[in-house]
Amino acid sequence: LYFSALKEALSSSFSPELSDVRDDVQELPNNRTREILSFHDPALSAERITIILSGNTLYEFHMSPGKEERISALIETLTMD
C-alpha cells in the first residue's frame, strides 16, 4: 500500500526525460516478494534511482553509470535475507 502511494507521488514529479523505467514485483523464496521501481530522470538526479520494498524495509539506491553491477549484487544481498 505504501509502495503504491510512493510510486503515485513520484509519478507526478517525473519529467518528459524519464527513461528506463522498471516497475515489477519479484517472487522470492518463503512466500516473500520484492517490489522494484527503477528509473532514470535527469530532472530528479544524474544517477539512476532504484527503490525497493522488501518485507517491511524500503531501500533507495542511486547508481552512477557503470556501477549497476556492483549495486545489483548489493541489492541481492540486502533483500534476499
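Residue numbers count from 1 along this sequence.
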Residue that, paired with S54, satisfies side chain to side chain donor-acceptor pair (under 3.5 Å) out of R34, E35, R32: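 Option passing the side chain to side chain donor-acceptor pair (under 3.5 Å) with S54: R32.
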Does a side-chain heavy-atom distance below 4.5 Å link [X] with [Y]?
X	Y	value
T57	T79	no
F3	I51	yes
D23	F39	no
M63	E68	yes
F61	I75	yes
H40	L18	no

Measuring from [X]:[atom1] to [Y]:[atom2], what's the distance to the nearest 0.5 Å?
X	Y	atom1	atom2	answer
L44	H62	CG	NE2	9.5 Å
T33	Q26	OG1	CD	9.5 Å
E76	L28	CD	CG	8.0 Å
D41	S13	CG	OG	9.0 Å

Trace of the side chain to side chain contact (heavy atoms under 4.5 Å, CB included) decision for L58 with L6: CA-CA 11 Å; L58 186 67; L6 172 65; 4.2 Å; yes
In this structure, are over 12 heavy atoms from other groups packed under 6.0 Å from [X] atom [atom1]?
X	atom1	answer
K67	NZ	no
E69	CD	no
E17	CD	yes

Hydrophobic cluster membership, I71 vs I36, 4.5 Å side-chain cutoff: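 Yes, I71 connects to I36 through the hydrophobic network.
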same_hphob_cluster(V21, I49) at 4.5 Å side-chain heavy-atom cutoff: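 Yes; tracing contacts between hydrophobic side chains, which count when under 4.5 Å, links both residues.
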Residues D20, R48; criterion side chain to side chain contact (heavy atoms under 4.5 Å, CB included); working and verdict: CA-CA 9 Å; D20 300 324; R48 179 175 187 76; 3.1 Å; yes
Pair N56-Y2, side chain to side chain contact (heavy atoms under 4.5 Å, CB included): steps then yes or no: CA-CA 10 Å; N56 292 323; Y2 295 112; over 6 Å; no
Working for side chain to side chain contact (heavy atoms under 4.5 Å, CB included), residues I52 and T50: CA-CA 7 Å; I52 300 173; T50 299; 3.8 Å; yes
